[in-house]
Amino acid sequence: MTAVDVKNDRSADVRTRELARRIEKLKKEMRAIILAHYYTVPEVQDAADIVGDSLALARAAENTDADVIVFAGVYFMGETASILNPDKLVLMPDDHAGCPLADSCPTEKFRAFKAEHPDAVVISYINSTAEIKAESDIICTSSNAERIVRQIPEDKEIIFGPDRNLGSYVMKKLGRKMILWQGYCYVHEAFNWGVIKKAVDTNPEAELIAHPECREDLLQHADFVGSTSGLLRYAEQSRGKTFIVATEPGILYEMRKRSPEKTFIPAPKDASHPWSTCTQMKQNTLEKLWRCMENRRPQIVVDEPLRLAALRPIRRMLEMS
Ligand code: 13P
Ligand code: SF4
C-alpha cells in the first residue's frame with residue numbers, strides 16, 4: 001500500500017464514521033427504523049437496526065412502531081414494507097435498485113400463464129412485483145416456501161413463480177409437482193457444479209452450503225441448503241470449520257462476525273456469467289442511506305387498490321409461517 005492509498009483509506013474511514021453519526025442522529029429525530037438485507041454492503045449493515053433475510057425484514061416492517069421505515073434492500077422489499085404499513089413513511093436509499101428476478105415476470109404474461117391453469121393455487125416468491133403479488137393466493141420466501149407448499153391440499157394444482165430454482169427445489173424436497181414460472185436470479189445462476197466441484201476437491205474438509213435460488217445440479221451436491229438466515233444459522237451451529245458458500249457474498253460479513261474462528265470461502269462463479277454479486281443490493285451506499293433520510297425521499301408508495309390486493313397474500317404468508 002502506498003502513502004497515498006493509506007491517506008485515501010483514512011479519509012474514507014472518517015467519511016464513513018461521519019455518515020454513520022449523521023444517520024444515527026436523523027434516526028432518533030425521525031423516529032425511524034433502518035432495515036437492511038444481508039446482501040447490502042458492510043457499512044450499511046452496521047448502520048441498520050435489523051439486518052435480516054426477506055422474511056425477517058417483512059416481519060420487522062409489519063411489527064415496528066417507528067414512524068419511518070428506511071429499507072436498504074431492493075425495490076420489492078421496500079414495496080412490501082409499504083404494503084404492510086400504508087400510514088408510515090417508507091424510504092429507500094435508491095428506488096432504482098430493482099430485482100431482475102422480480103422483473104422477469106411481467107403481469108400480463110403471468111395472467112396468461114395463470115389462465116392456462118384456472119384451478120391452481122398461485123404461490124409467489126416475495127421477490128416479485130406488487131402486481132404479481134396481487135395476482136397470487138399466497139406469498140412465500142425462501143425460509144418458508146416448503147412449509148407453505150406443505151399446507152396446500154394434495155389434490156390442488158400449484159403454480160409457483162417466479163423463481164424456477166426455488167420451485168424445483170421445493171418440488172424435489174416434497175415430492176410434489178408444481179407448475180413453474182421460468183424465472184431465475186442471475187446471481188445464484190452464476191454458480192454451477194462444474195466450477196464448484198473444483199473448489200470442493202481443493203478443500204475436501206469444507207462443507208458446501210447453498211441458497212435454494214441456486215441451480216439444481218449444484219443443490220444436489222450441497223451439504224446444506226437454506227435461505228440466508230438458514231445458512232447463517234447452519235454455519236454457526238455446524239461442527240465444520242470451513243464452508244464454501246454458494247450465495248451472494250454479502251452474507252459473509254455476518255457469517256464472519258458470528259463465527260470469526262471459521263473459514264468462509266465464497267463459491268467461485270462460472271466464467272461465462274459476469275456477476276455473482278447482486279449489483280442492485282450494492283446500490284444502497286451509506287451516502288445514499290443518509291441522503292434519503294435527510295431529504296425524506298425517495299418514498300415508496302403503492303396505490304391503494306393494488307396495495308389491498310397485494311396485502312391479502314402477504315398476510316396469508318405471515319399467518320401460515
Ligand atoms: P432470502 O432473503 O429469502 O434468503 O432471499 C435471498 C434473496 O435473493 C433476496 O433477494
Ligand atoms: Fe434479486 Fe437475486 Fe439480487 Fe436477490 S440476489 S435481489 S433475487 S437479483
Side-chain angles (χ1 to χ4, degrees), residues 35-41 44-45 48 50-61 71-81 92-105 123-129 132-133 139-149 160-167 169-170 181-191 209-215 218-219 222 224-235 245-255 266-267 269 273-284 314 317-318 321:
L35 309 179
H37 193 273
Y38 289 119
Y39 295 168
T40 55
V41 294
V44 166
Q45 295 189 38
I50 299 179
V51 186
D53 69 357
S54 307
L55 181 61
L57 295 175
R59 282 200 188 289
F71 212 124
V74 289
Y75 193 82
F76 74 80
M77 296 181 174
E79 195 175 51
T80 303
M92 288 190 77
D94 189 332
D95 59 350
H96 291 105
C99 167
L101 167 61
D103 297 339
S104 74
C105 192
I123 304 180
S124 291
Y125 194 25
I126 198 163
N127 300 36
S128 56
T129 62
I132 294 299
K133 289 186 175 79
I139 302 305
C140 72
T141 73
S142 53
S143 297
N144 61 21
E146 226 180 287
R147 191 174 319 157
I148 283 177
V149 173
F160 188 96
D163 191 69
R164 66 183 180 200
N165 291 333
L166 176 62
Y169 172 71
V170 172
W181 180 267
Q182 292 297 313
Y184 59 87
C185 160
Y186 72 98
V187 174
H188 292 88
E189 194 83 4
F191 306 120
I209 59 176
H211 193 281
E213 284 176 24
C214 291
R215 291 160 41 140
L218 166 58
L219 294 180
F224 179 77
V225 177
S227 69
T228 41
S229 55
L231 296 177
L232 279 160
R233 245 190 332 271
Y234 182 83
V245 184
T247 189
E248 213 282 346
I251 196 179
L252 298 182
Y253 181 60
E254 179 69 20
M255 275 181 178
K269 72 172 181 65
H273 286 256
W275 305 103
S276 59
T277 51
C278 181
T279 55
Q280 288 76 11
M281 287 279 189
K282 308 302 183 215
Q283 287 174 36
N284 292 282
I314 298 174
M317 166 184 84
L318 293 170
S321 57

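All ligand and atom numbering here is 1-based and tracks the order in the structure.
Under the 3.5 Å distance criterion, with hydrogens and angles disregarded, no donor-acceptor pair is assigned to the side chains of Ser227 and His211. In the model, Tyr39 has a side-chain atom that pairs as donor or acceptor with a side-chain atom of Thr247 under 3.5 Å. Remark: the Thr129 side chain and the Asp103 side chain contain no N/O donor-acceptor pair separated by less than 3.5 Å.
Relative orientation of the Phe224 and Tyr234 rings is parallel, given thresholds of 30° and 60° on the angle between their planes.
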Stepwise side chain to side chain donor-acceptor pair (under 3.5 Å) check, Tyr186 with Ser104: CA-CA 11 Å; Tyr186 72 98; Ser104 74; over 6 Å; no
Step-by-step side-chain contact (heavy atoms from CB on, under 4.5 Å) determination, Ile126 to Thr80: CA-CA 8 Å; Ile126 198 163; Thr80 303; 4.1 Å; yes
Intermediate values then yes/no, side-chain contact (heavy atoms from CB on, under 4.5 Å), Trp181 and Asp163: CA-CA 7 Å; Trp181 180 267; Asp163 191 69; over 6 Å; no
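The shortest heavy-atom distance from Tyr38 to ligand 1 is not under 4.0 Å.
Environment of OH in Tyr75: crowded, with over 12 heavy atoms of neighbouring residues, nucleotides or ligands closer than 6.0 Å.
Counting the atoms of ligand 1 from 1 in the order shown, those under 4.0 Å from a heavy atom of Tyr125 are 5 (O). Against a heavy-atom cut-off of under 4.0 Å, Ser54 is close to the following atoms of ligand 1: 1 (P), 2 (O), 3 (O), 5 (O), 9 (C). For ligand 1 and Thr228, the ligand atoms under 4.0 Å from any heavy atom of the residue are 1 (P), 2 (O), 4 (O). Listed by atom number, the atoms of ligand 1 under 4.0 Å from Ser227 heavy atoms are 4 (O). Close approach of ligand 2 to Tyr39 is summarised as follows: ligand atoms under 4.0 Å from at least one heavy atom of the residue are 5 (S).
Scanning the protein for heavy atoms near atom 8 (O) of ligand 1, the closest one is Glu213 OE2, 3.0 Å. Protein heavy atom nearest atom 9 (C) of ligand 1, with residue, atom name and distance: His37 NE2, 3.6 Å. Ranking the protein heavy atoms by distance from atom 10 (O) of ligand 1 puts Asn127 ND2, 3.2 Å first.
Using a 4.5 Å heavy-atom cutoff, the side chains of Val187 and Thr277 are not in contact. Thr141 places none of its side-chain heavy atoms less than 4.5 Å from the side chain of Asp53.
In terms of polar-atom proximity, defined here as any N/O pair under 3.5 Å, His188 makes no such contact with ligand 1. Distances between N or O atoms of His211 and those of ligand 1 include at least one value under 3.5 Å. Annotation: Ser142 places an N or O atom under 3.5 Å from an N or O atom of ligand 1; distance criterion only.
The pair Arg164-Glu213 does not count as a salt bridge, with every side-chain nitrogen at least 4.0 angstrom from each carboxylate oxygen.
Protein atoms of type N/O/S that fall under 2.8 Å from atom 2 (Fe) of ligand 2 number 1 in this view.
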Sequence neighbours excluded and cut-off under 3.5 Å, please list the side-chain donor-acceptor pairs for residues 94-102, or say none.
from  : atom 1 : to     : atom 2 : distance (Å)
Asp94 : OD1    : His96  : N      : 2.7
Asp94 : OD2    : Lys288 : NZ     : 2.7

